[in-house]
Amino acid sequence: MAELLCPHCLQPLPGGYSGDCPHCGRSLENQNPEGALPLGTQLAGRYTVGSYLSADGDGLAYRGVINEEKKFVLIKEYFPVTLCNGRSADGALMPKEGKEVLFKTSRMDFKDLYDDLRNLTPATGLNTILDVMEENNTVYAIEESEKGMTLTHYLSLRSRTLTPAEARTLLQPIMEGVTQLHKAGLIHRGICPDNILLPIDGTARLTGYGTLALRTGGSELKSQLYPGYAAPEQYSAAEFSGRYTDVYALAAVCYKLVTGQTPVSAPQRKVRDSLESAHSLEAGVPTWFSQVLACALRLDPARRMQTVPELMSALTDPNVANAMFERGDNQISTRKIMGVSLAVIAVLAILLVWSLLDAGSSDSGQTATPPPAASDSVASGDSTDQTVETIPDLVGKRYASEIKDNDLYTQYRIVMTEQNSSEVAAGIVISQDPVAGTLKTEEGQIIQIVVSTGPNLVEMPDIIGFTQSNASKQLDERGIQYKMQIIENDGTMAEGCVAKTDVLAGTKFDAGKTIVSVFIAGERDDTLVATTGSEESQSDSGDAASSDSTQNS
């Protein structure tokens with residue numbers, strides 16, 4: 001039989017699960033809710049079930065332990081409340097009468113999902129599935145458990161929204177992970193800040209895996225949808241979800257990061273779409289970036305951006321975004337519509353003139369003028385289309401030498417604003433509004449351009465010992481991107497204060513590319529403090545004894 005471990009401190013328990021742990025002093029009595037596995041349950045002799053954490057339509061989640069490695073994990077148990085009558089005395093799940101077949105097929109879906117995830121992970125941006133096993137007439141998935149915080153918690157600690165560059169940096173590994181899911185034929189359907197983890201060490205990871213039935217409204221399981229992040233097609237079992245479903249959710253998370261607001265939920269938008277653009281909520285969000293998010297958040301999946309790599313490219317490079325919209329890939333091309341419309345109008349006008357001339361000739365007894373050939377009509381339409389004036393492409397040009405005082409652009413009013421950029425050299429146009437290729441509507445039309453001022457170089461302040469709120473204030477004032485991480489406190493650090501940072505004070509760096517890790521000392525561990533104090537006491541006693549011995553001699 002495997003050695004019993006305390007699910008709190010991982011130390012051996014020779015006396016079993018009763019009373020308090022002799023090592024950490026925490027209670028070993030079962031406090032898990034009725035129906036859940038009791039604290040200390042052994043699974044396959046390899047895992048120990050710890051405290052109950054949460055439940056959803058798929059099942060229950062527990063904190064757990066890998067016995068041999070003495071490592072904390074997350075244990076997920078397939079336990080669909082809509083299909084189960086609880087468990088027998090020996091722990092086996094009992095399906096409801098008449099639901100036996102559905103219980104088995106749903107259990108198979110759960111196992112297949114986690115088997116696929118186990119084969120796919122570890123992968124960038126995805127939380128790893130370590131093991132999948134069957135026991136108690138159900139399935140258990142063992143998932144890694146890392147110290148850190150959810151994106152929701154992280155955002156609650158910040159006093160300002162993220163810049164587009166910060167949002168891209170944070171979400172990059174998540175997008176790469178979702179791309180790997182899609183290549184394996186898997187759709188997540190539950191991407192939201194609650195399911196994005198920020199470990200103490202390493203990049204962001206996506207968790208919160210669930211079956212199709214869990215993430216679909218009206219299915220046989222109790223659904224789990226995240227308002228504002230769940231795509232409209234997820235609210236009906238009659239509609240199909242696909243890669244574009246995760247694109248919607250990723251864009252919604254990015255929208256939250258740069259505006260600080262959760263998008264309007266899909267069902268509400270279908271009644272009345274009141275979703276404001278990111279740019280209108282946060283002026284610092286470039287128009288092109290806002291347009292990309294709007295495209296990825298379209299209610300109609302067929303008109304939505306379709307793949308995550310497409311979303312990544314468009315959010316990273318304004319040239320890619322502007323080219324996409326100019327091509328008309330993700331919105332109707334105004335230039336094409338106007339060109340075709342003008343050609344049709346020209347043809348109709350020619351036919352009307354001909355008919356009037358024909359009528360006049362008939363009245364005067366003259367020979368009727370033959371109608372123009374089809375080729376002449378098309379030629380006239382082409383000629384008219386060629387006279388259409390469109391907005392020039394200024395993105396990528398140097399403002400001082402190529403745009404300012406250039407006679408080519410005297411017919412426009414160029415309104416210039418500046419913005420730091422880690423990717424675009426100083427003096428180069430980052431984006432423009434209207435985008436290139438848009439129909440020119442008036443003489444002296446305004447073109448708003450954003451010109452790069454180069455990277456935002458800042459100096460790291462000395463915030464060691466600052467409280468968490470004061471440290472945030474110092475970093476926010478300098479426009480520094482940062483993430484707060486809680487670390488264990490051995491008793492030598494002030495609780496809730498900055499213990500260290502990964503960028504030394506006085507260092508100058510590009511604020512647009514660097515996210516500073518700020519390590520906050522957690523709650524003081526009294527056990528460690530007591531141990532340290534005991535060792536110091538013993539040391540003092542030893543020194544005193546040595547001193548007495550010397551004096552006596």
Side-chain angles (χ1 to χ4, degrees), residues 56-58 106 109-110 112-114 116-117 120-121 123 125-127 151 167 171-196 204-257 262-271 273 275 278 292-315 324 329-331:
D56 58 33
D58 269 346
S106 298
D109 290 341
F110 184 92
D112 288 346
L113 168 66
Y114 281 98
D116 289 340
L117 289 168
L120 180 62
T121 57
L126 298 177
N127 222 35
L151 180 56
L171 290 178
Q172 181 74 21
I174 301 295
M175 291 190 179
E176 291 177 8
V178 175
T179 299
Q180 293 303 312
L181 282 178
H182 292 176
K183 287 181 179 179
L186 302 173
I187 311 296
H188 191 280
R189 302 182 186 88
I191 301 170
C192 66
D194 285 347
N195 288 332
I196 293 176
R205 298 181 191 175
L206 181 62
T207 182
Y209 307 117
T211 61
L212 169 61
L214 175 67
R215 299 284 161 70
T216 304
S219 68
E220 64 276 5
L221 299 185
K222 181 181 178 181
S223 61
Q224 182 190 47
L225 301 178
Y226 300 95
Y229 304 98
E233 60 269 19
Q234 293 182 252
Y235 287 85
S236 171
E239 296 187 44
F240 294 99
S241 57
R243 293 179 300 178
Y244 45 76
T245 302
D246 286 343
V247 169
Y248 185 100
L250 286 168
V253 173
C254 190
Y255 182 98
K256 169 72 173 180
L257 295 181
T262 302
V264 180
S265 67
Q268 184 177 339
R269 290 183 63 198
K270 294 185 84 170
V271 175
D273 194 354
L275 180 67
V292 171
L293 293 181
C295 178
L297 285 168
R298 285 180 176 157
L299 295 172
D300 183 359
R303 297 183 62 245
R304 192 182 306 155
M305 201 172 290
Q306 297 292 297
T307 69
V308 176
E310 184 181 13
L311 177 62
M312 282 195 290
S313 298
L315 289 176
M324 177 197 308
D329 288 355
N330 289 290
Q331 67 178 21

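Values in this document were obtained by computation on a predicted structure and should not be read as measured data. Residues take their numbers from the sequence shown, with the count starting at 1.
- Taken to the nearest 0.5 Å, the SG atom of Cys192 stands 9.0 Å off from the CG atom of Leu151.
- Across every non-hydrogen atom of Ala266 and Leu299, the tightest pair is O-CD2, 4.3 Å.
- Between Ile187 atom CD1 and Leu113 atom CG the span is 11.5 Å, to the nearest 0.5 Å.
- Under the 4.5 Å side-chain criterion, counting only non-hydrogen atoms from C-beta, Ile174 is not in contact with Leu126.
- Pairing each heavy atom of Leu297 with each of Ala252, the nearest pair is CD2-N, 3.8 Å.
- Side chains of Thr211 and Asp58: a donor on one and an acceptor on the other come within 3.5 Å.
- Taking every heavy atom of both residues into account, Leu214 and Gly57 meet most closely at CD1-N, 3.4 Å.
- Applying the side-chain hydrogen bond (donor to acceptor under 3.5 Å, both in side chains) rule to pairs touching residues 176-185 yields Gln172-Glu176, His182-Asp246, sequence neighbours excluded.
- With hydrogens and angles left out, the side-chain atoms of Gln306 and Arg243 include no donor and acceptor closer than 3.5 Å.
- A centroid separation of 6.0 Å or more is found between the aromatic rings of Tyr248 and Tyr244.
- Inter-residue side-chain proximity for Ile196 and Arg205 is flagged as unmet; no heavy-atom pair is nearer than 4.5 Å.
- Taking CG of Asn127 as the start and OH of Tyr209 as the end, the distance is 5.5 Å to the nearest 0.5 Å.
- Checked by atom type, the side-chain pair Tyr229/Asp194 shows no donor-acceptor distance below 3.5 Å.
- Under a 3.5 Å cut-off, the side chain of His188 and the backbone N or O of Thr207 do form a donor-acceptor pair.
- Residues Arg215 and Gly190 share a closest heavy-atom pair of NH1-CA, 3.3 Å.
- Nearest approach of Thr216 to Ser223, heavy atoms of both residues: O-CB, 3.4 Å.
- Phe240 has its side chain out of reach of Pro301: every pair of non-hydrogen atoms, C-beta onward, lies at least 4.5 Å apart.
- Taken from CD in Glu310 to SG in Cys295, the straight-line distance is 7.0 Å, to the nearest 0.5 Å.
- Checked by atom type and distance alone, the side chain of Asn195 never pairs as donor or acceptor with a backbone atom of Leu206 at under 3.5 Å.
- We find the CD-CD distance between Glu239 and Glu233 to be 6.5 Å, quoted to the nearest 0.5 Å.
- In this structure, CZ on Arg189 lies 4.5 Å from CG on Leu212, to the nearest 0.5 angstrom.
- Between Arg304 and Arg298, the shortest heavy-atom contact is NE-O, 2.7 Å.
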